[in-house]
Amino acid sequence: MIVVSLFRVCSQPTMVIFNNTTSSSSNFLLTAFPGLELAHVWISIPVCCLYAIALLGNSTILFIIIVERSLHKPMYYFLAMLSAVDLCLTISTLPTVLGVLWFHAREISLKACLIQMFFVHGFSFLESSVLVAMAFDRFMAICNPLKYAIVFTDMIILVIGLVICIRQVILIFPMILALTRVSFHGGQELSHPFCYHPDMIKYTYSNPWIINFWGMFLQLYLTGTDLLFILFSYVLILRTVLSIVAPKKQQKALSTCVCHICAVTVFYVPMISLSFTHRLFSSTPKVVCSILANVYLFLPPVLNPVIYSLKTKTIRQAMLQLLHFKGSQGPSVRSHRGPWG
């Protein structure tokens with residue numbers, strides 16, 4: 001319902017195409033690709049393909065892990081969490097991005113913008129926390145394999161998931177609540193086709209430094225501590241792997257971490273780059289912000305299912321079995337119907 005309401009807000013008929021769009025004092029103007037407004041229809045084709053890959057890929061991995069009993073293990077539970085977060089993050093930005101590209105629906109109300117911002121930042125920080133849980137999973141599997149089954153029970157994994165969710169709500173909700181009481185300059189043009197905290201606070205009537213400081217604190221506290229924990233985990237993992245004498249066992253241990261390292265890279269690099277570009281470089285061209293925003297928006301949800309499908313043998317085999325089952329089911333159904341359908 002929230003996604004539908006966002007799309008309705010963004011597709012109001014009172015909007016005018018491109019830069020002639022007028023806005024009331026309580027609304028913002030979204031921007032997709034500055035200077036390429038006439039090519040929005042053509043740009044929407046690859047954008048829709050990326051959305052389709054993200055939605056289909058993450059949904060497939062989530063479905064396979066739920067259905068396949070052999071994948072009911074801690075490592076795949078965390079992968080299911082990652083796919084679910086990527087799926088929600090993709091859905092939270094889809095209405096406004098396609099609304100701008102297809103209908104030139106640039107205007108969005110402050111209320112809808114705050115709702116979208118809550119979900120965008122909430123799911124981003126949630127993905128950071130899930131990556132930490134996955135790093136801890138790899139640390140226990142490699143450094144303490146005898147205690148792995150004792151620590152990662154189904155109940156513990158459920159508790160970890162609940163703690164991760166509660167942590168995001170407790171830290172992000174006060175920031176959103178504070179923003180609802182702040183007055184903004186109406187009709188301002190944002191740098192992205194979705195609402196992003198560092199982009200919005202530039203247009204407040206009050207001193208933006210206080211709100212900016214709180215946003216920076218959350219960014220450093222949540223993602224900064226998460227990234228430090230991940231790096232520390234891999235230092236311990238690397239020390240354990242180097243102590244293994246057999247080269248084949250070393251390679252096998254490191255191969256289980258490749259997918260997670262790729263997921264960490266494609267998530268943290270674009271997010272940190274976009275955040276610091278807004279906060280530290282106020283004169284950054286909008287084209288650069290737009291490119292970074294799209295990389296931040298599409299890279300993790302699109303690449304994560306591809307990486308895990310290609311590099312994880314069990315996921316790949318489960319996908320092939322699913323496709324084989326679907327393919328073999330079709331002819332058998334038709335054969336029971338007879339030659340006349």
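Everything numeric in this text was worked out from a predicted model, so none of it was measured.
When ring centroids are compared, Phe28 and Phe184 come within the 6.0 Å threshold. Two rings, from Phe152 and Phe136, have their centers less than 6.0 Å apart.
Follow the hydrophobic side-chain contacts under 4.5 Å out from Trp102 and you reach Val97 in the same cluster. Residues Val266 and Val306 do not share a hydrophobic cluster, defined by chaining ILVMFWY side chains whose heavy atoms lie under 4.5 Å apart. Under the 4.5 Å side-chain contact rule for hydrophobic residues, Leu50 and Leu310 do not share a cluster. In the hydrophobic cluster analysis, where Ile, Leu, Val, Met, Phe, Trp and Tyr join through side-chain heavy atoms closer than 4.5 angstrom, Phe139 is grouped together with Leu231. In the hydrophobic clustering of ILVMFWY residues, with side-chain heavy atoms under 4.5 Å counting as a link, Leu94 and Val41 come out apart.
Side-chain contact annotation: Thr314 with Tyr76, donor-acceptor N/O pair under 3.5 Å present. A donor atom on one side chain and an acceptor atom on the other are not found under 3.5 Å apart for Tyr308 and Ser83.
Interatomic distance, OG1 of Thr256 versus CD1 of Ile237, reported as 7.5 Å (0.5 Å rounding). Atom NE2 in His121 sits 9.5 Å away from atom CD in Gln116 (nearest 0.5 Å). A distance of 10.0 Å separates CE in Met134 from CE in Met81, rounded to the nearest 0.5 Å. Taking CG from Asp137 and OH from Tyr148, the interatomic distance works out to 3.5 Å, rounded to the nearest 0.5 Å. The line from NZ of Lys73 to CD1 of Ile65 is 12.0 Å long, rounded to the nearest 0.5 Å. To the nearest 0.5 angstrom, Thr277 atom OG1 is 11.0 Å from Ile272 atom CD1.
Contact annotation: the side chain of Lys249 never approaches that of Val241 to less than 4.5 Å [non-hydrogen atoms, C-beta and beyond]. Contact of the Thr93 side chain with the Pro193 side chain is not registered, since no non-hydrogen atoms from C-beta on lie closer than 4.5 Å. Proximity of Ser92 to Phe194: side-chain heavy atoms (C-beta onward) are nowhere separated by under 4.5 Å. Contact annotation: the side chain of Asn304 never approaches that of Phe267 to less than 4.5 Å [non-hydrogen atoms, C-beta and beyond]. By the 4.5 Å heavy-atom criterion applied to side chains, Ile53 and Phe298 are not counted as neighbours. Between Leu29 and Glu107, the closest side-chain pair of non-hydrogen atoms falls below 4.5 Å. The side-chain heavy atoms of Cys195 and Met200, taken from C-beta on, include a pair separated by under 4.5 Å. Counting only heavy atoms from C-beta outward, the side chains of Ile170 and Ile166 approach each other to under 4.5 Å.
Shown here is Gln251, whose CD atom has no more than 12 heavy atoms of other residues, nucleotides or ligands within 6.0 Å. Under a cut-off of 6.0 angstrom, the local environment of OH in Tyr268 is crowded, with over 12 non-hydrogen atoms contributed by other residues, nucleotides or ligands.
With Asn144 contributing its side chain and Met140 its backbone, the two residues share no donor-acceptor pair below 3.5 Å. A donor-acceptor pair under 3.5 Å is absent between the side-chain atoms of Tyr234 and the main chain of Ala135, judged by distance alone. No donor-acceptor distance shorter than 3.5 angstrom exists from the side chain of Ser59 to the backbone of Leu56, with no hydrogens or angles considered. Side chain of Thr31 to main chain of Leu190: a donor-acceptor pair is present (N/O by atom type, distance under 3.5 Å, no hydrogens or angles). Proximity of a side-chain donor or acceptor of Asn294 to a complementary backbone N or O of Ser290 within less than 3.5 Å is detected.
When all heavy atoms of His260 and Leu131 are compared, the pair lying nearest together is NE2-O, 2.8 Å. In terms of heavy atoms, Gln168 sits closest to Ser129 at NE2-OG, 2.9 Å. Shown here for Ala80 and Leu62, the closest heavy-atom pair between the two residues is O-CD1, 3.3 Å. Residues Ile307 and Cys262 come closest through the heavy atom pair CD1-CB, 3.6 Å. Here the shortest heavy-atom pairing between Val120 and Ser124 reads O-OG, 2.8 Å. When all heavy atoms of Pro300 and Val295 are compared, the pair lying nearest together is CD-O, 3.9 Å.
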Next on the checklist: For Tyr51 and Ser44: C-alpha separation, side-chain torsions, deciding distance, then whether side-chain hydrogen bond (donor to acceptor under 3.5 Å, both in side chains) applies.
Outcome noted: CA-CA 10 Å; Tyr51 268 121; Ser44 67; over 6 Å; no

